[in-house]
Colleague: 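Mind looking over this structure? Questions follow.
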Amino acid sequence: MSDHPKPFQRLLLTGAAGGLGRVLRPHLGQWAEVVRLSDLDGLGQAGPGEEIVHADLADRGAMLRLLDGVDAVLHFGGISVEAGWNAILQANIVGVHHLYEAAHAAGVRRVVFASSNHAIGFHPTTTQLDADSPTRPDGLYGVSKCFGEQLARFYYDRFGLETVCLRIGSAFPQPATRRMMVTYLHYEDLIELIRCSLFAPRVGHTIAYGMSDNDALWWNNSKAAHLGYRPRHSSRVHAHLFPDSAAYPAADDRASQYQGGPFVSTGPFYD
Ligand code: NAI
Ligand code: 15L
């Protein structure tokens, strides 16, 4: 056993079977004695220092059990794109409420909440935003992320439970569209942003934009400077994928007029 205990006793990752959950999983053991991984299913075998607990965010009892013994949370579980209202309601609204209720009951110190750029997606691409800009969700999914951010605000003001809300842009292996040249977040920068969010001395309720050091800027992270996040990557190394950059945003393409891109004309869906 090491003489130097790790900073957290038990770190919970929700959404551990998802795209970003699978990216994050191998990096978490450095920060916690025990990493608790949760999703609906599909997590394979627990590795050294890992615990697997399947839970539905919408199941209050399961969430109270899931949070027991946890001191920090990376909340990446839930519906991650525009989807049917009931699915969003259960996972992202009822579910995030269960998460905070259970986190408070368990004495969790800090939550890192995977919010989304779709909380502000109906701002035009000509506008630069910071943490205090008004939310302008571009769909029911974006509305659910606004709810999560506000619930986090309430739990900080009322109970002192700290949260960093990461308005993640586009965290994928590389930008898939011209829009993602602006919203791109390299996986290593995501991990660094999470490290900063977990270990900055005081975060209160912080809103940070999850982006790499890209050339075009819609978002200004100066109000999250206390996190100390310094991205090391940029979408510019992928510029050759989109040579006709003068054509963006295109005047005749509604999706390119708004920061949320195609989400501004997707849905709403009713399941
Ligand atoms: P994903 O869809 O691949 O993973 C989400 C995971 O949540 C899935 O494994 C799913 O099974 C789980 N989940 C869904 N409903 C659940 C429920 N009721 N109970 C328990 N687990 C449930 O999404 P991805 O890309 O990994 O994103 C992770 C988080 O980051 C999401 O909250 C998403 O909104 C957010 N985000 C991701 C971005 C990206 O570029 N990948 C951009 C902005 C936000
Ligand atoms: C998101 O919020 C989604 O989770 C992700 O799948 C991407 O669509 C991303 O936003 C984006 O805006 O590129």
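Since the model is a prediction, treat every value here as computed from it, not as a measurement. Atoms within a ligand are numbered from 1 in the order they appear, just like the ligands themselves.
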Colleague: Students should be able to answer this: which protein heavy-atom is nearest to atom 29 (C) of ligand 1, and at what distance?
Modeller: F76 O, 3.3 Å
Colleague: Starting at CZ of F147, measure out to CG of N92 and round the result to the nearest 0.5 Å.
Modeller: 10.5 Å
Colleague: Taking a hydrophobic cluster as the set of Ile, Leu, Val, Met, Phe, Trp and Tyr residues connected by side-chain heavy atoms closer than 4.5 Å, whether directly or through intermediates, do Y187 and L185 fall within one such cluster?
Modeller: yes
Colleague: Could you tell me whether A58 and ligand 1 have an N or O pair separated by under 3.5 Å?
Modeller: no
Colleague: At what distance is the nearest protein heavy atom to atom 3 (C) of ligand 2, and which residue and atom is it?
Modeller: S80 O, 3.0 Å
Colleague: In the protein, which heavy atom is nearest to atom 34 (O) of ligand 1, and how far is it?
Modeller: Y141 OH, 2.5 Å
Colleague: Does any N or O atom in G18 lie less than 3.5 angstrom from one in ligand 1, N or O only?
Modeller: yes
Colleague: State the atoms of ligand 2, each with its element, that fall below the 4.0 Å cut-off from a heavy-atom position in M180.
Modeller: 13 (O)
Colleague: If every non-hydrogen atom of M63 is compared with every non-hydrogen atom of A55, which pair is closest and at what distance?
Modeller: SD-CB, 4.5 Å
Colleague: Run the ring-centre check on F8 versus F199 and record whether the distance is less than 6.0 Å.
Modeller: yes
Colleague: Counting from 1, what ligand 1 atoms have a heavy atom of D56 closer than 4.0 Å?
Modeller: 17 (C), 18 (N), 19 (N)
Colleague: If only atom types and distance count, is the side chain of R110 paired as donor or acceptor with the main-chain N or O of S197 below 3.5 Å?
Modeller: yes
Colleague: Number the atoms of ligand 2 from 1 as they appear, then name those within less than 4.0 Å of a heavy atom of F263, with their elements.
Modeller: 8 (O)
Colleague: side-chain hydrogen bond (donor to acceptor under 3.5 Å, both in side chains), that's the test. Do E82 and T266 meet it? Break it down for me.
Modeller: CA-CA 7 Å; E82 194 61 33; T266 303; over 6 Å; no
Colleague: Give the residue, atom name and distance (to 0.1 Å) of the protein heavy atom nearest atom 40 (O) of ligand 1.
Modeller: A171 N, 2.7 Å
Colleague: Do D138 and H118 pair up side chain to side chain, a donor and an acceptor below 3.5 Å, judged on atom types alone?
Modeller: yes
Colleague: What class does the angle between the rings of H75 and F113 fall in, given that below 30° is parallel, 30 to 60° is tilted and above 60° is perpendicular?
Modeller: parallel
Colleague: Would you say K145 touches ligand 1, if touching means a heavy atom closer than 4.0 Å?
Modeller: yes
Colleague: With side-chain contact (heavy atoms from CB on, under 4.5 Å) as the test, would you mind laying out the steps for S116 and I168 before giving the verdict?
Modeller: CA-CA 5 Å; S116 170; I168 300 170; 5.8 Å; no
Colleague: Can you name the atoms of ligand 1, numbered from 1 with element, that are less than 4.0 Å from a heavy atom of G15?
Modeller: 6 (C), 7 (O)
Colleague: Does ligand 1 have an atom that lies less than 4.0 angstrom from a heavy atom of G95?
Modeller: no
Colleague: Could you list which atoms of ligand 1 come closer than 4.0 Å to a heavy atom of G77?
Modeller: 7 (O)
Colleague: Closest heavy-atom contact between W31 and P7?
Modeller: O-CD, 3.4 Å
Colleague: Quick one, K145 with T135, criterion side-chain contact (heavy atoms from CB on, under 4.5 Å). Give me CA distance, side-chain angles, the key distance, then yes/no.
Modeller: CA-CA 10 Å; K145 293 298 187 181; T135 54; over 6 Å; no
Colleague: Less than 4.0 Å is my threshold; does some heavy atom of G169 fall inside it relative to ligand 1?
Modeller: yes
Colleague: Any atoms of ligand 2 less than 4.0 Å from a non-hydrogen atom of R179? List them with their elements.
Modeller: 11 (C), 12 (O), 13 (O)
Colleague: Taking both backbone and side-chain atoms of L57, is any N or O found less than 3.5 Å from an N or O belonging to ligand 1?
Modeller: yes
Colleague: Describe, in one word, how the ring planes of Y155 and Y100 are oriented to each other, choosing from parallel (under 30°), tilted (30 to 60°) and perpendicular (over 60°).
Modeller: tilted
Colleague: For atom 26 (O) of ligand 1, what is the closest protein heavy atom, and at what distance to 0.1 Å?
Modeller: L20 N, 2.8 Å
Colleague: Backbone N or O of L43 within a donor-acceptor pair of the R25 side chain at under 3.5 Å?
Modeller: yes
Colleague: Pick, from L74, T14, D59, L40, the option with the minimum heavy-atom distance to atom 16 (C) of ligand 1.
Modeller: L40
Colleague: Which option out of Y141, F172, Y184 puts a heavy atom nearest to atom 7 (C) of ligand 2?
Modeller: F172
Colleague: For atom 12 (C) of ligand 1, grab the closest protein heavy atom and report residue, atom and distance to one decimal in Å.
Modeller: D39 OD1, 3.3 Å
Colleague: Among protein heavy atoms, which sits nearest to atom 30 (O) of ligand 1, and what does the distance come to when rounded to 0.1 Å?
Modeller: A114 CB, 3.4 Å
Colleague: What protein heavy atom is closest to atom 5 (C) of ligand 1, reported as residue, atom name and distance in Å?
Modeller: G78 O, 3.5 Å
Colleague: Over 60° means perpendicular and under 30° means parallel, so tell me whether H240 and H238 are parallel, tilted or perpendicular.
Modeller: tilted
Colleague: Between R232 and E192, is the salt bridge (charged side-chain N to carboxylate O under 4.0 Å, His left out) condition met? List the steps.
Modeller: CA-CA 9 Å; R232 292 194 304 112; E192 173 62 5; over 6 Å; no
Colleague: Taking 4.0 angstrom as the limit and counting only heavy atoms of H118, give me the atoms of ligand 2 inside it, by number and element.
Modeller: 1 (C), 2 (O), 9 (C), 10 (O), 11 (C), 12 (O)
Colleague: Give the atoms of ligand 2, by number and element, whose distance to some non-hydrogen atom of G169 is under 4.0 Å.
Modeller: 9 (C), 10 (O), 11 (C), 12 (O), 13 (O)
Colleague: Tell me the contacting part of S116 for ligand 2: side chain, backbone, both, or neither, using a 4.0 Å heavy-atom threshold, strictly below.
Modeller: side chain
Colleague: Using non-hydrogen atoms of the residue, decide whether A87 is closer than 4.0 angstrom to ligand 1.
Modeller: no
Colleague: Does the residue G210 have a heavy-atom contact with ligand 1, meaning some pair of atoms that are separated by less than 4.0 Å?
Modeller: no
Colleague: As a quick check of understanding, evaluate side-chain hydrogen bond (donor to acceptor under 3.5 Å, both in side chains) for S133 and H123, giving each step before the final call.
Modeller: CA-CA 10 Å; S133 301; H123 281 280; 5.6 Å; no
Colleague: For atom 20 (C) of ligand 1, which candidate among S144, A83, A16, A55 holds the nearest heavy atom?
Modeller: A55
Colleague: Do R10 side-chain atoms and A32 backbone N/O form a donor-acceptor pair below 3.5 Å?
Modeller: no
Colleague: Specify the protein heavy atom at minimum distance from atom 38 (C) of ligand 1: its residue, its atom name, and the distance to 0.1 Å.
Modeller: I168 CG2, 3.8 Å
Colleague: Suppose I only count heavy atoms of A91 and a 4.0 Å limit; which atoms of ligand 1 are within that range?
Modeller: 15 (N), 18 (N)
Colleague: Check each heavy atom of Q90 against ligand 1 and say whether those closer than 4.0 Å belong to the side chain, the backbone, both or neither.
Modeller: neither
Colleague: Check whether any side-chain N or O of N221 sits under 3.5 Å from a backbone N or O of Y209 as a donor-acceptor pair, and report yes or no.
Modeller: yes
Colleague: May I ask you to check whether T183 has an N/O atom sitting below 3.5 Å from an N/O atom of ligand 2?
Modeller: no
Colleague: Ignoring hydrogens and geometry, is there a side-chain-to-backbone donor-acceptor pair from S212 to H186 under 3.5 Å?
Modeller: yes
Colleague: Just need the protein heavy atom nearest to atom 13 (O) of ligand 2, so name the residue and atom and give the distance.
Modeller: S170 OG, 2.5 Å
Colleague: Just going by heavy-atom distances, which of G148, S80, S115 is nearest to atom 44 (C) of ligand 1?
Modeller: S115
Colleague: Check each atom of ligand 2 against the heavy atoms of N117 and keep those under 4.0 Å away; list them by number with element.
Modeller: 10 (O), 11 (C), 12 (O)
Colleague: Would you check whether K145 reaches within less than 4.0 Å of ligand 2, judged by its heavy atoms?
Modeller: no
Colleague: Test salt bridge (charged side-chain N to carboxylate O under 4.0 Å, His left out) on E33 and K6; report intermediate values, then the result.
Modeller: CA-CA 6 Å; E33 300 294 338; K6 295 175 183 174; 5.2 Å; no
Colleague: As an exercise, identify every atom of ligand 1 less than 4.0 angstrom from a heavy atom of S170.
Modeller: 40 (O)
